[in-house]
Amino acid sequence: MMDVQRNSPTASPKKKPATLQHLFEIDSKNKPIRTLAKHLSSAENEEIISSISFCTDIFTFTDPRESPSRRDLKRVKLSELLSTMKSKKPLNKQILAPLMSMLSTNLFRPLPPPSNLFNITPDLPDDEDPVSSFSPTWSHLQVVYDILLRLVISTDPEILREHVDHHFLLNLLSLFQSEDPRERENLKNIYHRIYLRFTFYRSFMRKSMNNVLLHYIFETERHCGVGELLEIWGTIINGFTVPLKEEHKLFLMRVLIPLHKTKGMQSFHRQLAYCVSQFVQKEPVLGGVVVRGLLRYWPVTNCQKEVLLIGELEELVDNLDPDQYRKLALPMCTQITICLNSGNSLVAERALYVWNNEQFVTMASLAVEEVFPIIVEGVEKNLKWHWSKSVRQLTENVKAMLEEIDPIFYSECLEEIDLRESRAQQEKIKRKERWERIEMAAARNQFLQPQDCMSPIGETYV
């Protein structure tokens with residue numbers, strides 16, 4: 001029996017995405033102690049404000065006029081601020097405003113132009129990102145992000161509400177376009193944490209992420225942070241209650257399904273497939289909408305995307321509502337048959353491996369009359385014409401399995417194929433004979449045509 005290789009939608013090359021439950025557990029451990037904690041003294045406040053003021057100086061790390069000692073001193077100051085944030089003493093409100101201003105000054109900066117204008121999301125593993133995409137200012141930015149994360153974790157959202165407003169969230173969201181994967185990872189954790197704790201911003205944050213994804217789908221198809229945004233969405237969807245709201249279903253149909261047609265889909269397909277599967281697991285009836293959407297956006301010339309979508313279809317079958325099997329059997333089996341006849345051996349083999357899935361075989365068995373004629377024709381075509389030996393061997397295994405399901409109907413399908421090919425051959429012969437008669441008549445007509453009736457070029461009759 002053939003081995004099925006599946007893409008795990010939840011695995012991550014670097015870090016596993018945090019779930020909402022995990023974030024709640026961490027949040028409960030990091031809640032500030034308000035009753036016993038003492039505020040910082042005035043001298044400490046003045047020292048912190050002085051450090052914050054120094055940290056507003058921006059260094060590019062590329063300008064030769066910059067002082068290396070001042071750059072190092074800024075990192076030391078930032079580290080001291082982070083240590084202060086990790087202490088149990090809460091910050092005074094008079095420190096909060098200059099601290100948020102310093103964070104905004106360091107984070108919200110113009111991003112460099114993309115290194116690749118045509119495909120800004122390279123199809124590379126996370127550990128093979130090009131060195132040129134890493135920001136030279138990361139030694140400062142890393143500590144700034146840690147300070148912001150600590151601030152979001154340890155401060156009451158109602159106190160931060162004045163500073164972490166809609167404008168701040170939109171600026172934070174725009175930074176997901178950074179080509180530095182380390183920055184996007186920190187942004188994902190912070191934005192996720194804000195969504196968890198700032199419950200009054202959840203609707204706005206969902207709409208903002210939707211707008212970014214829609215702009216990517218229908219306008220630019222250029223964005224580095226689609227994968228990270230989908231990881232955030234994966235945990236959000238995981239927390240949806242059943243029955244799903246209409247808003248969430250529209251997100252599936254208008255955003256997640258059209259994302260499959262984008263050029264850079266390979267780089268975030270794992271996260272995208274996970275989000276889609278979460279919807280189908282919560283409401284299996286949505287499986288029909290998803291399957292038809294995938295078939296609508298099925299790639300024609302991109303073999304890598306075909307392999308990914310075949311795997312996603314196979315995963316969806318396991319979560320489909322059995323009542324939809326008969327409705328979806330014909331379109332799914334038709335597409336799988338087209339793929340197993342592909343001239344690309346990787347696509348053909350991946351399509352043949354689908355027949356190892358018991359649920360897929362069950363679905364095909366419930367609609368034998370509709371799907372068998374198509375499947376049998378595709379299998380026989382592979383056995384006769386496919387160039388790959390391994391594809392032909394896998395096709396033999398599939399044929400043996402189909403014959404076990406219904407040997408009599410399989411033979412009838414073979415007879416129907418032979419009859420159709422015989423009729424096609426006869427029609428070809430007749431068509432050839434008709435053309436021969438036409439050619440003979442044309443030649444005879446040209447031979448009998450009187451030559452004197454033809455006027456030489458340039459000559460006129462009077």
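The shown structure was predicted, so the numbers you read here are calculated from the model rather than taken from an experiment. One is the number of the first residue; the rest follow in order along the sequence.
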For the student: nearest non-hydrogen atoms of [X] and [Y], plus distance:
X      : Y      : value
Leu214 : Arg254 : CD2-O, 3.6 Å
Leu175 : Arg109 : CD2-NH1, 3.7 Å
Gln324 : Gly288 : OE1-N, 3.0 Å
Leu169 : Tyr191 : O-CE1, 4.0 Å
Ser154 : Arg197 : N-NH1, 4.3 Å
Val164 : Phe168 : CG1-CD2, 3.8 Å

Which distance, rounded to the nearest 0.5 Å, do you find between the [atom1] of [X] and the [atom2] of [Y]?
X      : Y      : atom1 : atom2 : value
Leu250 : Leu256 : CG    : CG    : 11.5 Å
Met100 : Leu107 : CE    : CG    : 9.0 Å
Leu308 : Cys303 : CG    : SG    : 11.5 Å
Leu81  : Arg150 : CG    : CZ    : 14.0 Å
Thr395 : Leu383 : OG1   : CG    : 5.5 Å
Thr235 : Lys188 : OG1   : NZ    : 9.0 Å

Any heavy-atom pair between the side chains of [Y] and [X] that's under 4.5 Å?
X      : Y      : result
Thr199 : Arg202 : yes
Glu314 : Ile310 : no
Phe279 : Ile237 : yes
Glu185 : Pro181 : no
Gln271 : Tyr274 : no
Val289 : Ile257 : yes
Lys399 : Tyr410 : yes
Leu394 : Trp355 : no

Would a distance-only check, ignoring hydrogens and angles, find a side-chain to backbone donor-acceptor pair under 3.5 Å from Asn186 to Arg182?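 Side chain of Asn186 to backbone of Arg182, a donor-acceptor pair under 3.5 Å: yes, one is there.
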Which residues pass the side-chain contact (heavy atoms from CB on, under 4.5 Å) test with [X], not counting sequence neighbours?
X      : value
Ser203 : Arg206, Lys207
Asp63  : Thr60, Arg65, Glu66
Pro299 : Asn302, Lys305, Glu306, Leu309

Describe, in one word, how the ring planes of Phe198 and Tyr201 are oriented to each other, choosing from parallel (under 30°), tilted (30 to 60°) and perpendicular (over 60°).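 If you compare the ring of Phe198 with that of Tyr201, the planes turn out parallel.
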Would you list the pairs meeting salt bridge (Lys or Arg N to Asp or Glu O under 4.0 Å) in which at least one residue belongs to residues 382-393, sequence neighbours left out? Lys384-Glu421
Under the salt bridge (Lys or Arg N to Asp or Glu O under 4.0 Å) definition, can you give me all pairs with a residue in residues 427-442, not counting sequence neighbours? Glu427-Arg434
Would you say the side-chain atoms of Asn211 and His215 include a donor-acceptor pair closer than 3.5 Å? no
Asn106 and Lys74: side-chain donor and acceptor closer than 3.5 Å? yes
Ile408 atom CD1: more than 12 heavy-atom contacts under 6.0 Å: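 Open.
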Are more than 12 heavy atoms, taken from residues, nucleotides or ligands other than Arg420, located less than 6.0 Å from that residue's CZ atom?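 For Arg420, atom CZ is crowded (more than 12 foreign heavy atoms under 6.0 Å).
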Go through the structure and list residues passing salt bridge (charged side-chain N to carboxylate O under 4.0 Å, His left out) with [X], not counting sequence neighbours.
X      : result
Glu396 : none
Arg292 : none
Lys249 : Glu283
Glu404 : none

Go through it in stages, so that I can follow the logic: the residues are His192 and Glu231, the test is side-chain hydrogen bond (donor to acceptor under 3.5 Å, both in side chains), and I'd like the CA-CA distance, side-chain angles, deciding distance and then a yes or no. CA-CA 9 Å; His192 203 169; Glu231 284 189 28; over 6 Å; no
Stepwise side-chain hydrogen bond (donor to acceptor under 3.5 Å, both in side chains) test for Ser277 and Glu315: CA-CA 8 Å; Ser277 66; Glu315 295 288 342; over 6 Å; no
Could you check whether Glu179 pairs with Arg184 (Lys NZ or Arg NE/NH1/NH2 to Asp/Glu carboxylate O, under 4.0 Å)?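 No, Glu179 and Arg184 are not salt-bridged.
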Return all side-chain donor-acceptor pairs below 3.5 angstrom for residues 325-347, not counting sequence neighbours, or 'none' if the list is empty.
residue, atom, partner, partner atom, Å
Tyr325, OH, Gln359, NE2, 2.6
Arg326, NH1, Leu366, O, 2.1
Arg326, NH2, Glu370, OE2, 3.4
Thr334, OG1, Leu330, O, 2.6
Thr337, OG1, Cys333, O, 2.6
Asn341, ND2, Gly378, O, 2.9
Asn341, ND2, Asn382, OD1, 2.9
Ser342, OG, Asn344, N, 3.1
Asn344, OD1, Leu346, N, 3.0
Asn344, OD1, Val347, N, 3.2

Could you note down all residue pairs passing side chain to side chain donor-acceptor pair (under 3.5 Å) where residues 136-149 supplies at least one of them, sequence neighbours left out?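 Listed by first then second residue: Ser135-Thr137, Tyr145-Glu183.
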Aromatic ring proximity, centroids under 6.0 angstrom, Phe176 and His223: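 No.
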Got a sec, which pairs hit ring-ring contact (aromatic ring centres under 6.0 Å, His included) with one end in residues 230-258, sequence neighbours left out? Trp233-Phe251, Phe240-His248
